[in-house]
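One structure is given here, and the rest of the page talks about it.
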Amino acid sequence: MYTYIQNVHEHIGEEITIRGWLYNRTDKGKLRFLLVRDGTGTIQAVVFKGNVDPEVFEAVDQTTQESSLTVTGTVKEDSRAPGGYEMDVSHCEIGQIAGEYPITPKDHGTAFLMENRHLWLRSSRQHAILRIRHEIIRAVRDFYDNNGFTLVDTPILTPAACEGTTTLFEIDYFGEKAYLSQSGQLYNEAACMSVGKTYCFGPTFRAEKSKTRRHLMEFSKVEPEVAWANLDDIMKLAEDFVSYVVQRVLEERKEELERIERDTTPLEKIEPPFPRISYSEAFVLLETEGTDTPRGSDFGAADETILSCSFDKPVIVHRYPRDIKAFYMQPDPEDSGSALCMDMLAPEGYGEIIGGSQRIHDVDLLLERIREHKLPVDAFKWYLDLRKYGTVPHSGFGMGIERVVSWICSLDHVRETIPFPRMLYRMYP
RNA sequence: UCCUCAGUAGCUCAAUUGGCAGAGCAUCCGGCUGUUAACCGGAGGGUUGUAGGUUCGAGUCCUACCUGAGGAGCCA
């Protein structure tokens with residue numbers, strides 16, 4: 001019988017056996033302090049020379065960082081042990097003595113850690129981030145599953161661009177050009193006409209040569225799409241959704257947030273309603289801060305940071321100029337120069353996490369926009385069909401998981417939010 | 001794609017004006033019964049990113065290239 005480290009507190013006074021890896025070891029005379037991790041936690045195992053067979057003590061002496069081992073001993077509470085519990089070791093079996101491990105408990109540079117990402121994942125901080133990421137993904141699924149949404153998967157291999165603007169990864173599809181999906185939205189629109197409320201959740205690809213703390217070539221996106229919903233409806237959905245996700249992480253991953261030293265007080269404020277400002281109102285604010293960005297163009301990175309830091313909750317910016325937005329966005333009936341769209345900017349300077357809109361439901365207007373953007377009408381035949389057969393207003397948005405993880409964990413860079421980041425100039429490991 | 005900065009031991013970094021290539025950690029050996037990134041003593045470990053140039057002499061100055069980091073634009 002083996003015990004997981006997370007359960008040792010249920011076995012005080014009992015002899016248990018754990019299996020894991022040596023995280024760190026310190027020696028003191030006839031004592032060996034083994035810090036052992038097993039994926040569920042870490043515990044200090046104390047080996048006293050007089051308590052074990054001489055050959056066992058000698059074997060323990062040979063262990064290096066990340067050596068695999070099976071440790072048997074009695075659990076006791078001890079204030080001197082990290083975590084409050086430790087094991088008095090009676091026996092220890094070595095699985096493998098690890099070779100010289102590259103990642104030591106000392107400082108390392110970013111390039112070195114990325115080169116060793118497959119090993120870096122074992123570090124306490126990276127382990128905590130992986131667990132928080134998982135909780136965020138679980139919360140995302142639970143939110144939609146519990147609110148009447150049907151998961152409808154959208155394809156990763158696609159024949160055409162969803163938004164003509166961004167760069168796509170092109171691949172050979174039996175002699176035809178295909179692209180890795182940059183959004184499931186168009187397919188979501190088809191799905192929501194079947195199930196009413198749908199969402200897709202999966203990897204998304206962008207071949208943009210972006211080299212910033214907020215960009216990856218491959219990232220996870222969750223995209224809900226709701227039939228009959230207007231812009232206001234999805235702004236409400238977005239704030240309920242983001243609040244739910246944040247509160248779930250606060251409840252379920254307290255220990256991990258503590259381990260990465262995340263100050264949770266800003267997160268505790270994340271509940272509806274969120275501030276909502278129009279693009280024009282946002283510009284009034286930016287101009288008082290002295291922005292150089294001309295009205296009518298999209299916000300620059302500095303502008304986004306200003307807006308993001310101006311509120312202690314995520315801020316929703318809506319009704320951007322039509323010209324800088326995608327072809328499928330419904331024009332504002334009160335101002336045809338604006339689109340019924342919205343972006344949500346996370347606080348603390350993290351910036352855009354959500355982008356969404358009400359979609360054009362009139363077939364003639366949509367056709368006009370496709371032509372205006374010089375997109376191939378043939379490729380959008382099926383998309384136009386959605387407006388021919390019982391069209392209804394509908395809206396949706398997309399949320400980038402990595403940016404949310406980055407914000408909730410208060411990270412410097414999205415590369416730590418995903419196990420194996422695909423970045424400009426780095427696809428190893 | 002553009003701008004800025006950086007490449008010295010396995011890792012993190014020193015090296016004065018251009019003048020003997022150095023430390024901590026890691027590794028190996030020895031010591032210690034309460035360590036928390038332990039400590040103490042000892043040892044091994046180098047084509048200073050690559051190619052060329054200036055100089056009596058280059059880690060240091062110049063040129064090109066390579067690699068990486070930070071940022072911009074674009075976006076989630």
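All chains are named by letter (A, B, ...) in the order of the sequence lines, taking the proteins before the strands, and each is independently numbered beginning at 1. For clarity, every value in this text was computed on a predicted model and none was experimentally measured.
- When each of U1(B), U27(B), C74(B) is scored by its nearest atom to the side-chain atoms of Glu100(A), the top-ranked nucleotide is U27(B).
- Taking Arg322(A) as the reference, Glu372(A) meet the salt bridge (Lys or Arg N to Asp or Glu O under 4.0 Å) condition, with sequence neighbours excluded.
- Listed by residue number, the members of residues 3-31 of chain A with any heavy atom below 4.0 angstrom from RNA chain B are Asn24(A), Thr26(A), Asp27(A), Lys28(A), Gly29(A), Lys30(A), Leu31(A).
- Sorted by first and then second residue, the pairs that involve residues 95-123 of chain A and meet ring pair (Phe, Tyr, Trp, His ring centres under 6.0 Å), not counting sequence neighbours, are His108(A)-Phe112(A).
- Glu93(A) meets the side-chain contact (heavy atoms from CB on, under 4.5 Å) test with Thr70(A), His91(A); sequence neighbours excluded.
- Comparing U12(B), G68(B), G34(B) by their closest approach to the side chain of Ala111(A) singles out G68(B).
- Looking at Glu268(A), Glu256(A), Glu348(A) one by one, the single match for salt bridge (Lys or Arg N to Asp or Glu O under 4.0 Å) with Arg262(A) turns out to be Glu348(A).
- Below the 3.5 angstrom threshold, one finds no donor paired with an acceptor across the side chain of Gln44(A) and the base of U36(B).
- As the counterpart of G19(B), C56(B) is assigned, both hydrogen-bonding distances of the Watson-Crick or G-U wobble pattern falling under 3.5 Å.
- For Asp78(A), taking side-chain heavy atoms from C-beta onward, the closest of the listed nucleotides G34(B), G68(B), C75(B) is G34(B).
- With G68(B), A72(B), A37(B) as the candidates, the nucleotide lying closest to the side chain of Tyr425(A) is G68(B).
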Which atom pairs, donor and acceptor, lie under 3.5 Å between side-chain atoms of residues 144-154 of chain A and protein residues at least two apart or in another chain?
residue, atom, partner, partner atom, Å
Asp145(A), OD1, Tyr199(A), OH, 2.7
Asn146(A), ND2, Asp142(A), O, 3.1
Asn147(A), ND2, Phe143(A), O, 2.6

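- A donor-acceptor contact under 3.5 Å links the side chain of His215(A) to the base of C75(B).
- Taking 3.5 Å as the limit, the base of G68(B) and the side chain of Glu115(A) contain no donor-acceptor pair of atoms between them.
- Arg415(A) has a side-chain polar atom (N or O) that falls below the 4.0 Å cut-off from OP1 or OP2 of G70(B).
- Pairing for U36(B) is absent, judged as Watson-Crick or G-U wobble with the two contacts each under 3.5 Å.
- Looking at residues 270-293 of chain A, you'll see that no heavy atom sits under 4.0 Å from any atom of RNA chain B.
- When Watson-Crick and G-U wobble pairs are counted only if both distances are under 3.5 Å, U4(B) pairs with A69(B).
- Close placement of the Phe299(A) and Phe283(A) rings is indicated, their centers lying within 6.0 Å of each other.
- Heavy-atom nearest nucleotides on RNA chain B were determined for Gly50(A) and for Thr63(A), and the one closer to the 5' end corresponds to Thr63(A).
- Relative to the side chain of Phe112(A), the nucleotides C75(B), A72(B), C11(B) differ in distance, and C11(B) lies closest.
- Distances from the side chain of Thr104(A) to the nucleotides C74(B), C25(B), U36(B) place C25(B) closest.
- The nucleotide whose nearest atom lies closest to any side-chain atom of Lys106(A) is, among A37(B), U36(B), C75(B), A37(B).
- Mapping Ile401(A) and Lys76(A) onto RNA chain B by nearest heavy atom places Lys76(A) at the nucleotide closer to the 5' end.
- A centroid separation of 6.0 Å or more is found between the aromatic rings of Phe420(A) and Tyr428(A).
- Looking at Glu304(A), its side chain comes within 3.5 Å of the base of C75(B) through a donor and an acceptor atom.
- Under the 6.0 Å distance and 45° angle rule, Lys325(A) counts as a cation-pi partner of Tyr320(A).
- Ring pair Phe205(A)/Phe169(A) is perpendicular by interplanar angle, where above 60° counts as perpendicular and below 30° as parallel.
- Among the nucleotides G73(B), U1(B), C11(B), the one closest to the side chain of Leu424(A) is U1(B).
- For Asp298(A), the listed nucleotide lying nearest its side chain is C75(B); candidates were A72(B), C75(B), A76(B).
- In this structure, G10(B) forms a base pair with C25(B), meeting either the Watson-Crick or the G-U wobble geometry with both donor-acceptor distances under 3.5 Å.
- Between the side chains of Gln62(A) and Glu58(A), no donor-acceptor pair of N or O atoms lies under 3.5 Å.
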